[in-house]
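Everything on this sheet refers to the single structure shown next.
Given the structure is predicted, the values throughout are model-derived calculations rather than measurements.
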Amino acid sequence: MAEASHPREDLSTHPDVGEMRERYNRVLGGHDVAIMDAPVFLIGLFCAVSPWIVHFTTTQNQLLVHNVIIGIAIALLGWGFALTPHRMYGLSWAMCAIGTWLVISPWIVGTHPDKGVIATNASIGGLTILMGLLCAAVAAKARSRRARARSA
C-alpha cells in the first residue's frame, strides 16, 4: 500500500518563510479582543430582547424600537470583533458612547419610564461602557505591542 501521508518538509528553507511568518502573526495577533467577542454580542442580544423580558412593549413603544436597534448595533460590534478584530479596534470607543446613550435614553426617548426600564437600560449601558473600555485598553496594548515588534 502506498504511503497515504506525505512527509513534512522543513519550511525554514522555503523562499517565502518570512512573509508566511509575518502573515501568520498578523492573523493570530488580531484576536486580542477575542475574549470579549461573546460578551459584547450577548449584551447586544439582551438589549434587543429586553423590551419583552422587562415587559415594556406596550407602555414604551419608542423605547422598544430604540432598544432593538441599539441592541442589534451592539451585537454587530461583537460579531465584528470576532470576524475582523484588527479592523474593529477603532470602534471600541463607540461602544462607550453607545453605553452612555443607553443609560440616559429612557428619559430622552421614553415617556415616564418606570424603575424596571431605567434599571435595565442603566445596567446594559454600564456593561456596554465597561466592555468598550476593556476593548479599547486591549486594542491600545495590542497597538503598542505591534509598534514595538516593528521597531525591533
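To the nearest 0.5 Å, the span separating OG on S123 from CD1 on I118 amounts to 12.0 Å. Rounded to the nearest 0.5 Å, atoms CD1 (I124) and CG (N67) are 6.0 Å apart. In this structure, CG in L77 is found 14.0 Å from CE in M36, a value given to the nearest 0.5 Å. For the atom pair NE2 (H55) and CG (D114), the distance works out to 11.5 Å, reported to the nearest 0.5 Å. In this structure, L42 CG and L127 CG are separated by 11.0 Å, a value rounded to the nearest 0.5 Å. Note: I70 CD1 to S50 OG = 11.0 Å, rounded to the nearest 0.5 Å.
Looking at T120, its side chain never comes within 3.5 Å of a backbone N or O of V117 through a donor-acceptor pair.
Note on V54: it does not cluster hydrophobically with W107, by side-chain heavy-atom contacts below 4.5 Å among ILVMFWY residues. Linking Ile, Leu, Val, Met, Phe, Trp and Tyr residues whenever their side-chain heavy atoms come within less than 4.5 Å leaves W93 and M131 in two separate clusters. Using a 4.5 Å cut-off between side-chain heavy atoms of Ile, Leu, Val, Met, Phe, Trp and Tyr, with links allowed through other members, L133 and L130 fall into different hydrophobic clusters.
Of all the heavy atoms in I74 and V40, the pair that sits closest is CG2-O, 3.5 Å. Between F56 and L64 the shortest heavy-atom distance is CE1-N, 4.1 Å. What you find for G132 and C96 is that their closest heavy atoms are C-SG, 3.7 Å. Taking all atoms of both residues into account, the shortest heavy-atom contact from G110 to Q60 is CA-OE1, 3.2 Å.
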Q: Walk me through it: do T128 and V103 pass the test side chain to side chain contact (heavy atoms under 4.5 Å, CB included)?
A: CA-CA 10 Å; T128 305; V103 171; over 6 Å; no
Q: Walk me through it: do I104 and N121 pass the test side chain to side chain contact (heavy atoms under 4.5 Å, CB included)?
A: CA-CA 8 Å; I104 63 172; N121 273 28; over 6 Å; no
Q.
side chain to side chain contact (heavy atoms under 4.5 Å, CB included), that's the test. Do S92 and F81 meet it? Break it down for me.
A. CA-CA 9 Å; S92 300; F81 285 140; 3.9 Å; yes
Q) Going through the checks in order, is the side chain to side chain contact (heavy atoms under 4.5 Å, CB included) test met by I129 and M95? A) CA-CA 6 Å; I129 292 169; M95 285 181 49; over 6 Å; no
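For the pair L76 and F41, the minimum side-chain heavy-atom distance is 4.5 Å or more. When side chains are defined from C-beta on, W79 does not count as touching D37, because their heavy atoms never get closer than 4.5 Å.
The neighbour count for W101 CH2, taken as heavy atoms of other residues, nucleotides or ligands under 6.0 Å away, is above 12.
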